[in-house]
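Here the structure is laid out as structure tokens; the discussion comes afterwards.
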Amino acid sequence: MSIRTLILIIINSLIAFVIVVLAFSSYKEFSNVLNDRILQQLNSIKTLKKNQIEHLIKSEWEKFETSEFYTQNWDSALVKLPDSIKKTNGIHDFTPYQVNKKTTIGFVLNTKRGTKIKILDYNKIKKILFERTGMGNSGESYLVGEDCRLRSQSRFYPSTIPYTLSVKAENIANAFKGKNVATIRKDYRGIEVYSVGSRIAIPNLKMVILSEIDVDEVTMPLKKLRERLAGLTFAIFLLAVMLSLFLTRIITNPIKNMQKSLKIMAQGDYNQTNEFIKNSNEIKEMFEALAHLKTSLQGVVKFSDDMGKMNLNTEYQLKSPNDLLGKSLLAMRDKLIEFRNNEENTRILSKRMLVNGMENERRRLSRELHDGIGPYLTSLKYYIENKVENETMKKEMKKIVDDTIAEIRLMSNALMPASIDDFGIGVTLTNFIENIKKSTTVSIVYEDLTKQENSNITNLQAINLFRISQELINNSLKHAQAKNIRITLPEFDEFISLFYFDDGIGFDTNSIKLGS
């Protein structure tokens, strides 16, 4: 084998291997990321429509429940309901009992005046399900019953009764078990689709909502990318062969000249004047186009990966006004930001409701201790004073009762000081600090600058200020080893401030274990 042939085989084999590996890995990585992003987008659309349908049905139920009219808007000849359904209050799927198997969702309410039954206007649900935003050309959302039959109109078979169409039972079974379905499967048309689904969270209404989009539509950019990669790979490989032929000529020509000279010398002609041909050319860049494509794909993959990690502050620069993939990813990011903000607002509202519930429960327990057990203990004290004749025993029993009354008073004030409703936060904090000062040697100075009359501090704000001060004082006494505490509570027209100082030892933020 000649050296020229060997160099051509080695160089071209190496170039072909690198091109194929880069193209295949880039294509595979992009395909996986795209699958994840599509399922996440479908899940967001499904969640939005699920919430809209649940809100619609619940609001219609509330109107129906409070309505005083008993005129029925259903035809008992078309909808033959069993007694078990008529006797069960709530929202039901009437479709299996509809003579023509048309999608029917109904309300049943048994009252003293009789049984009310109403059929929900299906067009309202259809309007939500047929919303096309973010669904592409082949996407759709539809409802499925527990019998795996459709409960909403198919946009692909508009003239077909939904009840006659069915989907695979295993996916619906998982959804009815409370699991979120997110997979690639064949739909009721036998076409492979991206599919996500979950159960409608309404008692008695056994339905699942599915959002799907055809795999062929989603993977169309992948197919075009694959064709472009194949064409680009072929073009680069052809260029590499030509460059390798040129390179081998540069390398082999000096060798041939040397061979020619050696043959002349072997013939005994040592006076030959042939000079070696010396060529020195820089090798041109062979992978410029592929490198640029790889760089672009790496940017897309990184942006998608950041979104997958919920790093929604990442930025992506569009390669051109025609960068449809980039625009789709940016739109997906904006939807995720909106969804996360809504989720955060819901979480904050839940926490606020939890805290309010805890404070109400504390207020109730405080009143129970003060108004329930307190009078019994006072009656017991009067009984001891009037009925017990042994003075020593009477004195001991009165001391026990007095200590118990004092302890209950402390517990009641700790749970919810009664003065906070009657006299406000200023007086409540004054009384609380005075009680604390009786049991500690730490100097506590409190300056009450709240308005005694016409105060703008709400009851909820007062409770929060009391809890904050209570926790700060407890931390200073328990952990800070403080000797002096100074608290100031000034109230202004538009705001209120709480200043808290102590001379405690502090803590290291790098090693401290966070509490509640």
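What you see is a predicted model, and the numbers here were worked out from it, not measured in a lab.
Atoms CG and OG1, on Asn110 and Thr115 in that order, are 3.5 Å from each other to the nearest 0.5 Å. To the nearest 0.5 Å, atom CG of residue Leu465 and atom CG of residue Leu498 are 6.0 Å apart. Here the straight-line distance linking atom CD of Glu217 with atom CD1 of Ile191 works out to 11.5 Å at 0.5 Å rounding. Atom CH2 of residue Trp61 and atom NZ of residue Lys118 lie 11.0 Å apart, to the nearest 0.5 angstrom. Atoms CD1 and CD1, from Ile105 and Ile202 in turn, are 8.0 Å apart once rounded to the nearest 0.5 Å. With rounding to the nearest 0.5 angstrom, the OH atom of Tyr446 is 10.0 Å from the CG atom of Asn431.
Pairing each heavy atom of Lys49 with each of Ile209, the nearest pair is CB-CD1, 3.9 Å. Contact detail for Ser497 and Phe492: the closest heavy-atom pair is OG-CE1, 4.2 Å.
Judged by distance alone, the side chains of Tyr194 and Asp214 never bring a donor and an acceptor atom under 3.5 Å apart. Side-chain atoms of Thr103 and Gln153 form no donor-acceptor pair, as typed in the model, at a separation below 3.5 Å. In summary, the side chains of Ser154 and Tyr188 do present a donor paired with an acceptor at a separation below 3.5 Å, with no hydrogens or angles considered. Side-chain polar atoms of Ser198 and Lys46 form a donor-acceptor pair below 3.5 angstrom. Side-chain contact annotation: Ser195 with Glu212, donor-acceptor N/O pair under 3.5 Å present.
A cation-pi geometry, defined here as NZ or CZ lying under 6.0 Å from the six-membered ring centre and within 45° of its normal, does not hold between Arg155 and Phe130. A cation-pi arrangement, defined by a distance under 6.0 Å to the six-membered ring centre and an angle within 45 degrees of its axis, is absent between Arg199 and Phe176.
Salt-bridge check for Lys126 with Asp121: failed, with every basic side-chain N at 4.0 Å or more from each acidic carboxylate O. Using a 4.0 Å cut-off between charged side-chain N and carboxylate O, Glu54 and Lys50 make a salt bridge. The pair Asp93-Lys206 does not count as a salt bridge, with every side-chain nitrogen at least 4.0 angstrom from each carboxylate oxygen. By the 4.0 Å N-to-carboxylate-O rule, Glu65 lies too far from Lys116 to be salt-bridged with it. Between Glu60 and Lys124 there is a salt bridge, since at least one side-chain N of the basic residue sits less than 4.0 Å from a carboxylate O of the acidic one.
Side-chain contact between Asn474 and Gln470 is absent, with no heavy-atom pair separated by less than 4.5 Å. Residues Ile57 and Phe107 meet the side-chain proximity criterion, which asks for heavy atoms closer than 4.5 Å.
Asn43 contributes no side-chain N or O that, together with a main-chain N or O of Leu39, makes up a donor-acceptor pair within less than 3.5 Å. Between the side chain of Gln41 and the backbone N or O of Gly134, at least one donor-acceptor pair lies under 3.5 Å. Without hydrogens or angle criteria, Glu491 side chain to Asn456 main chain gives a donor-acceptor distance under 3.5 Å. The backbone N or O of Val167 lies less than 3.5 Å from no partner atom in the side chain of Arg149, so there is not a single donor-acceptor pair.
Residue-environment remark: NZ (Lys186) stays at or below the threshold of 12 foreign heavy atoms within 6.0 Å. No more than 12 heavy atoms of other residues, nucleotides or ligands lie within 6.0 Å of NZ in Lys335, so this atom counts as exposed by the packing criterion. The environment of His55 atom NE2 is sparse: at most 12 non-hydrogen atoms of other residues, nucleotides or ligands sit within 6.0 angstrom. Annotation for Phe507: atom CZ does not count as buried by contact number, only 12 or fewer foreign heavy atoms lying within 6.0 Å.
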Step by step, work out the side-chain hydrogen bond (donor to acceptor under 3.5 Å, both in side chains) result for Ser211 and Tyr142. CA-CA 7 Å; Ser211 290; Tyr142 57 91; over 6 Å; no
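Not less than 6.0 angstrom separates the ring centroid of Tyr97 from the ring centroid of Phe94.
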